[in-house]
Amino acid sequence: MEVIAVSNQKGGVGKTATAVHAAMFLAEATKGYKVLFLDFDHQANASDSLENYSKVSSIVASEFFNTAIQSIHANQGVTLVKADNAMVDIDRADSSIFSTLKKNIEKISSEFDFCIIDTPPTLGYRMTAALLVADYVLSPIELEQYSIQGIAKMLNAIFGVRDQWNPSLKFLGMLPNRFNSRSVAQMATLERLEKEYSHLMIDATIGLRSSIPEALSEGVPVWKLKKTAARKAGKEFKEAFEIVLEKIKGVK
């Protein structure tokens with residue numbers, strides 16, 4: 001099982017939309033991967049979007065941190081472990097949660113092909129724990145100046161976890177999200193990022209389109225909506241995730 005944490009320390013950058021669509025993309029791929037989705041964000045937006053699309057596990061996310069899980073049945077497609085209210089308490093728990101999570105992930109790793117973790121937008125125990133057990137991390141970013149200012153902090157957090165606790169963690173890259181190609185400021189920011197962080201960028205962009213939140217609210221992939229803008233958004237997501245898959249295959 002390849003574990004991918006979708007992570008950014010800032011909210012509102014399309015993190016959950018990216019995580020949800022990544023799971024849907026893998027489930028609908030030609031090979032039909034078995035995907036485990038762990039919602040570590042107590043806001044549970046990903047859980048709401050995936051509830052009708054996936055098979056919902058009877059186990060909730062907080063149990064991964066405080067209970068010895070025996071097994072999870074792997075369904076074809078996406079198996080959802082929903083966020084629950086007890087997730088808020090994880091950030092105040094003791095450090096034993098890290099080893100418990102790691103053991104639980106290892107125990108079920110043979111059942112699934114991929115695990116997608118939607119992390120909260122703050123560097124607490126839940127995000128740190130996700131990075132500790134992940135093989136890869138993907139970071140959606142927004143091309144606004146105030147978001148760019150946090151990139152160095154985000155990268156320091158990711159590479160800090162890698163250097164201290166998880167040397168096998170691979171950074172897949174930053175994926176520009178909510179991109180407005182008609183914005184001069186955003187175009188300039190994208191050019192700057194491609195110049196300064198070219199080796200850390202996913203060579204794709206996800207546009208700012210109303211069809212994406214619409215798809216999330218309906219619990220379907222955006223490429224299933226019968227709208228031109230939705231088809232464009234679906235094409236962008238698929239192109240980005242194909243690049244991500246190639247990066248993973250290149251590492252293995």
Side-chain angles (χ1 to χ4, degrees), residues 1-29 33-57 60-61 64 77-84 87 105 112-123 126-131 133-142 154 158 169-178 202 204-206 209 211-224 233-234 236-245 247-248:
M1 181 174 74
E2 307 288 352
V3 182
I4 306 172
V6 182
S7 185
N8 191 318
Q9 288 177 260
K10 187 185 180 303
V13 297
K15 175 181 59 63
T16 293
T18 300
V20 167
H21 278 92
M24 291 171 165
F25 169 80
L26 291 168
E28 296 182 11
Y33 295 112
K34 294 180 180 179
V35 183
L36 176 66
F37 193 100
L38 300 180
D39 190 354
F40 283 2
D41 189 343
H42 67 277
Q43 296 178 87
N45 293 328
S47 296
D48 292 341
S49 293
L50 284 169
E51 186 165 16
N52 293 324
Y53 180 88
S54 62
K55 297 290 185 181
V56 180
S57 173
V60 294
F64 267 78
V78 179
T79 300
L80 170 65
V81 174
K82 296 176 67 174
D84 59 305
M87 289 298 288
I105 291 290
F112 297 90
D113 300 304
F114 286 92
C115 172
I116 304 292
I117 305 178
D118 187 25
T119 69
T122 52
L123 184 61
R126 284 173 291 158
M127 181 187 288
T128 301
L131 296 176
V133 299
D135 300 299
Y136 307 94
V137 56
L138 175 65
S139 293
I141 59 170
E142 192 175 21
M154 174 191 74
I158 291 169
L169 180 64
K170 308 293 190 305
F171 185 59
L172 291 169
M174 295 181 281
L175 175 61
N177 219 316
R178 299 170 59 84
I202 299 291
T205 57
I206 309 299
R209 306 185 192 282
S211 54
I212 295 175
E214 181 182 346
L216 292 173
S217 67
E218 293 186 18
V220 297
V222 69
W223 51 83
K224 292 289 180 67
E236 290 169 348
F237 269 126
K238 288 180 178 181
E239 288 176 350
F241 296 144
E242 288 288 355
I243 292 171
V244 167
L245 266 184
K247 280 178 170 277
I248 291 173

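The figures that follow rest on heavy atoms only: side chains count, while hydrogens, waters and symmetry mates do not. It should be emphasised that the depicted structure is a prediction, and the values quoted were computed from it without experimental measurement.
Below 30°, between 30° and 60°, or above 60°: for Phe25 and Phe241 the angle between ring planes is between 30° and 60°, a tilted geometry.
Across every non-hydrogen atom of Leu216 and Ser49, the tightest pair is O-OG, 3.0 Å. For the pair Leu175 and Ala204, the tightest heavy-atom approach, listed with the atom from each and the gap, is CD1-O, 3.7 Å. When all heavy atoms are compared, the tightest approach of Ala215 to Pro221 is CB-C, 4.1 Å. Across every non-hydrogen atom of Met174 and Ile141, the tightest pair is CB-CD1, 4.0 Å. Nearest heavy atom pair, residue Met1 against residue Cys115, reads SD-CB, 3.6 Å. Closest non-hydrogen pair, Ser7 versus Met154, comes out as O-SD, 4.3 Å.
Residues satisfying the side chain to side chain donor-acceptor pair (under 3.5 Å) criterion with Glu239, sequence neighbours excluded, are Lys235. Every residue meeting the side chain to side chain donor-acceptor pair (under 3.5 Å) condition with Ser47, not counting sequence neighbours, appears here in chain and number order: Asp39. By the side chain to side chain contact (heavy atoms under 4.5 Å, CB included) test, Ala233 is found to be paired with Arg209, Ser211, Ile212, Val222, residues two or more places apart in sequence or in another chain being considered.
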For Lys224 and Glu28, what are the C-alpha separation, side-chain angles and deciding distance, and is it a salt bridge (charged side-chain N to carboxylate O under 4.0 Å, His left out)?
CA-CA 11 Å; Lys224 292 289 180 67; Glu28 296 182 11; 3.4 Å; yes
Could you walk me through whether Leu50 and Lys82 pass the side-chain contact (heavy atoms from CB on, under 4.5 Å) check?
CA-CA 9 Å; Leu50 284 169; Lys82 296 176 67 174; over 6 Å; no
Take Ser57 and Leu80 through the test side-chain contact (heavy atoms from CB on, under 4.5 Å) and record every step on the way to the result.
CA-CA 6 Å; Ser57 173; Leu80 170 65; over 6 Å; no
Show, in sequence, the C-alpha distance, side-chain angles and deciding distance for Met24 and Val220, and conclude whether the side-chain contact (heavy atoms from CB on, under 4.5 Å) test is met.
CA-CA 8 Å; Met24 291 171 165; Val220 297; 5.6 Å; no
Mind running side chain to side chain donor-acceptor pair (under 3.5 Å) on Thr16 and Asp118 for me, showing each step along the way?
CA-CA 6 Å; Thr16 293; Asp118 187 25; 2.9 Å; yes
Report the C-alpha separation of Leu26 and Ile116 in whole Å, then their side-chain angles, then the decisive distance to 0.1 Å, and conclude whether the side-chain contact (heavy atoms from CB on, under 4.5 Å) test is met.
CA-CA 10 Å; Leu26 291 168; Ile116 304 292; 4.1 Å; yes
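With values rounded to the nearest 0.5 angstrom, Ile243 atom CD1 is found 12.5 Å from Ile248 atom CD1. The CZ atom of Phe114 sits 6.0 Å away from the CD atom of Glu2 when rounded to the nearest 0.5 Å. Distance check, rounded to the nearest 0.5 Å: OH of Tyr53 to CZ of Phe37 gives 12.0 Å. Atom CZ in Phe64 sits 7.0 Å away from atom CZ in Phe40 (nearest 0.5 Å). Atom-to-atom distance recorded for Lys55:NZ and Thr79:OG1 is 9.0 Å, nearest 0.5 angstrom.
Of the options Ile4, Leu131, Asp41, Val133, a side-chain contact (heavy atoms from CB on, under 4.5 Å) to Ile117 is made by Val133 and by none of the others.
A heavy-atom distance below 4.5 Å is found between the side chains of Ile206 and Phe237. Residues Gln9 and Met127 are in side-chain contact: their nearest non-hydrogen atoms beyond the backbone lie under 4.5 Å apart. Counting heavy atoms from C-beta outward, Val81 and Leu36 have side chains that approach closer than 4.5 Å.
Between the side chain of Ser217 and the backbone N or O of Glu214, at least one donor-acceptor pair lies under 3.5 Å. Counting only distance, with no hydrogens or angles, the side chain of Asp135 and the backbone of Val3 share a donor-acceptor pair below 3.5 Å. Of the possible polar contacts, one joining the Thr119 side chain to the Val6 backbone as a donor-acceptor pair under 3.5 Å is found.
Residues Thr18 and Asn177 bring a donor and an acceptor atom of their side chains to less than 3.5 Å of each other. Side-chain polar atoms of Ser139 and Asn8 form no donor-acceptor pair below 3.5 angstrom.
A salt bridge does not link Glu242 with Lys247: every distance from a Lys NZ or Arg NE/NH1/NH2 to an Asp or Glu carboxylate oxygen is 4.0 Å or more.
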